[in-house]
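Report on the structure given below.
Note that this is a predicted model, so its numbers are computed, not measured.
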Amino acid sequence: MDERQPLRRWAIGVALCLSVGVVGSSGADTSLPLQEALQARLAASDQRLPVERFYEYRDHQPVWTTAQSVKALMAGLRELERDGINPDNYAVASLMEAFERSQSAGVSAQAAFELQASQALLQALDHLNRGQVNPRKLAAQWDAERPSRGYSMARVMEAVNQLDIAAALDQARPDSSAYRQLRAAFADFQSRASQSSVPYLDRRDESLQLGDQHDDVLTLRRRLTRWGEPQLLAANSQAYPQIDAEAPDQRQFDASLAAAVKRFQRRHLLQEDGVVGEQTRRALNVPLSSRVEQLKVNLERARWMGGRPDDAPGVWVDLAGYRLHYTRPNGERWQTRVVVGSPRRATPVIQSAITHLTLNPSWTIPPTILREDVLPRVREDVNYLDEENIQVIDFDGNPVEAEDVDWQRPGSVMLRQVAGNANPLGRVVVRFPNNHMIYLHDTPAQGLFQRSQRALSSGCVRVEGVTQFAQLLLQDTGSSAQITRLMAGSQNDRQVSLPQRVPIALHYLTAWPNAEGEVEFRPDIYGHDADVQSALSQPLRLSG
């Protein structure tokens with residue numbers, strides 16, 4: 001029997017007494033001390049937040065009993081604005097008024113306020129630690145667990161006892177350099193967005209480039225200053241640093257301006273050529289207020305990642321950034337370029353673990369690709385199958401004659417492309433369990449890695465240098481096998497298990513720090529940002 005059951009039954013009974021109004025002549029509750037009233041409410045409440053554990057660290061003594069303590073809570077919650085979290089979610093503006101009302105209404109009202117205030121803090125800790133929105137409810141493309149609560153309640157309570165609510169919240173904030181850089185960029189862009197506006201760069205028939213002299217060059221300089229390039233504009237004097245639009249070099253597209261354009265292009269995954277074409281012009285004209293919202297969305301996504309430490313061993317694929325990052329067990333970091341799913345066939349967010357490799361793979365054509373891409377070609381000309389070395393098989397893997405199949409209604413057959421140079425999987429596949437038949441693989445189309453925008457696949461992730469990556473996985477998990485020798489054998493579809501699993505995560509991030517610590521702004525290739533932004537703008541109900 002649970003030793004706490006008698007206490008719970010007693011507390012619920014007390015709560016019932018309170019609910020029927022054991023009051024004095026003034027209308028205020030006078031029958032029970034505040035601590036007992038609080039225990040009664042705790043026992044009767046629906047606790048989806050760790051409220052009881054919170055109070056266990058204080059021997060169930062109340063916290064929010066003075067105006068000073070409530071002011072400290074309000075100030076701490078308002079600091080959440082720096083994380084892109086709206087303090088109104090926690091009824092900050094009404095906390096002091098609610099406290100003052102409770103003080104003249106007796107212990108039942110005081111206990112109710114006490115619980116309300118603690119729930120506001122605990123909900124804020126939860127939101128800061130693992131996100132305000134449950135991503136599994138937001139998008140069908142999310143195939144990852146929401147992180148569990150990952151902060152120390154004992155340390156939170158140490159800070160609360162000192163009324164240092166900012167320090168309490170800091171216990172829950174994701175502890176990664178990427179999150180800190182995003183948070184700093186959020187503050188920076190909020191400040192920039194509040195400054196006076198600058199003209200937009202008009203559409204042009206010809207690109208702006210090195211050597212041009214035009215009024216549009218001055219506009220370009222003005223817009224780039226908003227991106228932290230103040231040296232691009234001359235000033236009249238040190239005392240009065242207004243822009244000198246008449247200075248002869250302000251309309252000249254010189255080498256320093258071309259270098260600044262390249263820096264801007266790098267931060268937006270554009271071709272770094274120093275030429276302002278249509279894509280670069282559009283990126284330059286995006287209002288900074290939109291970048292603020294983009295950062296807010298990606299701060300939320302960073303919280304969904306669970307504050308993964310920067311040096312945690314494992315693989316993560318930055319889908320919108322077209323990069324794979326592998327932190328090896330010895331701390332060494334390896335990275336490479338990838339090709340990800342197109343907007344029509346988006347690569348989902350996944351958390352899993354790499355289990356094995358397939359060498360010299362054949363390719364069983366997935367249902368969507370079969371239906372949308374291959375069957376139309378086969379219906380035009382059945383010889384397409386021979387030209388592409390595609391076999392027709394039944395669900396047991398037995399060969400089927402192509403001429404015996406009604407390709408308008410192919411029924412229970414599959415198509416499998418044999419291993420070889422033309423196989424779209426190349427020579428190596430890296431596999432991990434997931435619900436979407438997604439894997440990492442080689443590709444014969446190596447030229448695609450040279451493109452700046454690489455959302456080009458049918459959902460799986462093509463990896464540049466995948467042979468080296470596979471060798472590192474074998475080596476780092478305790479295998480002495482050599483990938484080149486394994487691939488040189490005549491066996492197709494050879495399965496090679498890793499001695500140990502390697503964690504892998506695929507994440508979609510449209511604003512994220514690069515290796516230089518600059519926050520990049522990536523195209524929202526899958527159109528997911530608006531959904532997250534909409535969810536964050538909805539009023540959030542406090543759990544309790």
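Each of Asp83, Asp126, Asn86, Asn89 was scored for a side chain to side chain donor-acceptor pair (under 3.5 Å) with Gln132, with one residue passing: Asn89. Each of Arg337, Arg522, Arg301 was checked for a salt bridge (Lys or Arg N to Asp or Glu O under 4.0 Å) with Asp318, and the lone residue meeting it is Arg522. Just one of Trp512, Phe189, Phe264 meets the ring pair (Phe, Tyr, Trp, His ring centres under 6.0 Å) condition when paired with Phe521; it is Phe189.
Ion pairing between Arg53 and Glu56 fails under the 4.0 Å rule for side-chain N and carboxylate O. Using a cut-off of 4.0 Å between Lys/Arg side-chain N and Asp/Glu carboxylate O, Arg263 and Glu229 are scored as salt-bridged. The pair Lys296-Glu300 fails the salt-bridge criterion, with no side-chain N (NZ, NE, NH1 or NH2) lying under 4.0 Å from an Asp/Glu carboxylate O. Between Asp476 and Arg328 there is a salt bridge, with a side-chain nitrogen of the basic residue lying less than 4.0 Å from a carboxylate oxygen of the acidic one. Salt-bridge annotation for Arg155 and Glu158: absent, with no side-chain N of the basic residue lying under 4.0 Å from a carboxylate O of the acidic one. Between Glu518 and Arg266, at least one side-chain nitrogen of the basic residue sits less than 4.0 Å from a carboxylate oxygen of the acidic one, meeting the salt-bridge criterion. For the pair Arg377 and Asp373, the salt-bridge criterion is not met [side-chain N within less than 4.0 Å of a carboxylate O].
Aromatic pair Trp227/His268: ring centres closer than 6.0 Å. The aromatic ring centres of His356 and Phe432 sit 6.0 Å or more apart.
Qualifying ring pair (Phe, Tyr, Trp, His ring centres under 6.0 Å) partners for Tyr326, counting only residues two or more places apart in sequence or in other chains: Phe469. Residues forming a side-chain contact (heavy atoms from CB on, under 4.5 Å) with Thr355 (at least two apart in sequence, or on another chain): Pro433, Arg501.
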With side chain to side chain donor-acceptor pair (under 3.5 Å) as the criterion, how do Gln495 and Thr358 come out once you've worked through the C-alpha distance, each side chain's angles and the decisive distance to 0.1 Å? CA-CA 5 Å; Gln495 308 299 317; Thr358 304; 2.9 Å; yes
Carefully, step by step, assess Val292 and Phe186 under the rule side chain to side chain contact (heavy atoms under 4.5 Å, CB included). CA-CA 6 Å; Val292 170; Phe186 181 67; 3.6 Å; yes
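Using modelled atom types, one side-chain atom of Asn298 and one backbone atom of Thr510 make a donor-acceptor pair closer than 3.5 Å. Judged by distance alone, with hydrogens and angles left aside, the side-chain atoms of Ser534 form no donor-acceptor pair with the main-chain N or O of Asp531 at under 3.5 Å. A donor-acceptor contact shorter than 3.5 Å links the side chain of Arg130 to the backbone of Pro147.
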